Amino acid sequence: MSDDILDNIFENAVKGKSLIKNRKILTIDYIPQKLQFRDEETTTIAQTLSVSLKGARPSNLLLFGKPGTGKTAVVKNVINKFKEKSTELGVEVIVVFINAKIANTAYKVLYEIAEEMNINKTDKKNQVYFTGLSLGEATNRILDFIKKRQLHVIFVIDEIDSLVDKNGDDILYNFTRANEHFQEVGFISIIGISNSLTFKDKLDPRVRSSLSEEEIVFNPYKIHQLQKILSERVKLAFHDDVVTEGTINLCAAIAGKDNGDARKAIDLLRVAAEIAEIDKDTKVYEKYIRLAQHKIEKDTNFEIIKNSTTHTKIVLLAIAKSKNGNTGEVYEIYSSLCKHIDNESLTQRRITQIINELDQLGLISTNIVNQGRYGRSQKIKITIPISTLKEALFDDHLLSTITTTID
DNA sequence: ACTCCACAGGAATAACCGGGCG
DNA sequence: CGCCCGGTTATTCCTGTGGAGT
């Protein structure tokens, strides 16, 4: 890249008319004060929490809904208001918000809880270290802390399903049961937020019934709702008349077709605007939405591939090379590729697992086919452009000799 | 109706790692 | 230091299965 081009970029950034007035409003971190079309959900949550202002334990609450339906945003809004109100009234209720997926492991969830509640600073005996304790011990220390100080605690666990997927419901069981030992002076309430509607099935019946004392389902946004949401944001984030109505409609239509995901719709709009700015265009036209759609798709795939292990990458290559895409063929190609670069190959069992993981990530698609006498297999196909795959693997020197062999 | 392919995918278990504990 | 603990990855062993051939 020459200096001229760089100069241009910086120059434009300063003097060029940027289309976006306030970029923050288009990021995931921005939560509007009031979420449209979520009044009912907001009131229910607020009402449930409100009993704790009188010292009573609120019902446990379970929120379901697809990604981008406003679950987290609604809860955060209610919590913020609730915190304001409780300090105003001088009622001490501790609200801990944790995202189980970001925390990654059950232990880290407990650690985060301990950190949030300041246990580690205020109670030496009940410290929950960064690592080293058993899950049971860590849970006990937290519960002991709550009991000793007779605290009123509300745990909000976002993406609670990933916690249960990895560690079962032991922790939730202990938390929901803990109230029995508090002898009415302290309590724990849990607000669980889950993307998966089948989450409840994975729970032990006892946990299920106590955790879902109350339930709220967040339905996906309809296309016309997404339009309203988008135009609201557009007003705040862009200069006047920069985003056409057609653009908003297209954006809403794309996101609406795909689960009614408001987050995705807004992402789309932001990326489109960024492309338009680079193009020095004066408006965000519909074509930029389509460009943005491709860019987002490519970028996420690119990141996934780059961050995966060598074996996963080789499997991807093997799938790209395979003709029929059945498991046996893919595995054979995979093993030969391994031999080629002097890498020990994994067993077929592991490869089917990796294939499943890739399917989950949406990089490939699998289809189980029965061929009668010729057995039962999967039809595996790559769903991303080969060029993306090649680009993502370009930096990997280990694979350089075999990457070039795909067409 | 029966067989039997070519796997899928569950369960148990091992090997290894990072990190606190005594 | 060796030990324990939980997480992750991988292996071994296993049972299950839809339908083309016979």
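Values in this document were obtained by computation on a predicted structure and should not be read as measured data. First the proteins, then the strands, lettered A, B, ... as listed; each starts at 1.
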**Message:** If I take atom NZ in residue A/Lys379 and atom C1' in nucleotide C/dG18, what distance separates them, rounded to the nearest angstrom?
**Reply:** 16 Å
**Prompt:** Quick one: bend of the helix from B/dA1-C/dT22 to B/dG22-C/dC1 from 5 pairs per end, to 10°?
**Reply:** 30°
**Prompt:** Do the charged groups of A/Glu303 and A/Lys306 touch, with an N to O distance under 4.0 Å?
**Reply:** no
**Prompt:** Judged by atom type as modelled, is there a donor-acceptor pair below 3.5 Å linking the side chain of A/Ser86 to the main-chain atoms of A/Val93?
**Reply:** no
**Asked** Does A/Lys71 make a cation-pi contact with A/Phe64 (under 6.0 Å, within 45 degrees of the axis)?
**Response** no
**Heavy-atom pair with the smallest gap, counting every atom of A/Phe37 and A/Lys228** = CZ-CB, 3.7 Å
**Pairing residues for A/Thr244 by the side chain to side chain donor-acceptor pair (under 3.5 Å) criterion, not counting sequence neighbours** = A/Thr247
**Request:** Round to a whole Å and report the spacing from CG of A/Leu110 to C1' of C/dG7.
**Result:** 14 Å
**Asked** OP1 or OP2 of C/dT11 less than 4.0 angstrom from a side-chain nitrogen or oxygen of A/Thr347, does that happen here?
**Response** yes
**Asked** Taking side chain as C-beta onward, heavy atoms only, is A/Tyr30 less than 4.5 Å from A/Arg233?
**Response** yes
**Complete:** dist A/Lys257:NZ -> A/Ile223:CD1 (nearest 0.5 Å) comes out at 8.0 Å
**Prompt:** Backbone N or O of A/Asn367 within a donor-acceptor pair of the A/Gln378 side chain at under 3.5 Å?
**Reply:** no
Check nucleotides 5-9 of chain B against the protein and report each pair of N or O atoms closer than 3.5 Å, with its distance, or say if there are none.
from: B/dC5; atom 1: O4'; to: A/Arg373; atom 2: O; distance (Å): 3.0
from: B/dC5; atom 1: O4'; to: A/Arg373; atom 2: NH1; distance (Å): 3.0
from: B/dC5; atom 1: O2; to: A/Gly372; atom 2: O; distance (Å): 2.8
from: B/dC5; atom 1: O2; to: A/Gly375; atom 2: N; distance (Å): 2.9
from: B/dA6; atom 1: N3; to: A/Arg376; atom 2: N; distance (Å): 3.3
from: B/dC7; atom 1: OP1; to: A/Gly328; atom 2: N; distance (Å): 3.3
from: B/dC7; atom 1: O5'; to: A/Gly328; atom 2: N; distance (Å): 3.1
from: B/dC7; atom 1: O4'; to: A/Arg376; atom 2: O; distance (Å): 3.4
from: B/dC7; atom 1: O3'; to: A/Thr327; atom 2: OG1; distance (Å): 3.0
from: B/dA8; atom 1: OP1; to: A/Thr327; atom 2: OG1; distance (Å): 2.5
from: B/dA8; atom 1: OP1; to: A/Gln378; atom 2: NE2; distance (Å): 2.8
from: B/dG9; atom 1: OP2; to: A/Asn356; atom 2: ND2; distance (Å): 3.3
from: B/dG9; atom 1: N7; to: A/Arg349; atom 2: NE; distance (Å): 3.4

**Asked** Rounding to a whole Å, what distance do you find between A/Ile351:CD1 and C/dT9:P?
**Response** 14 Å
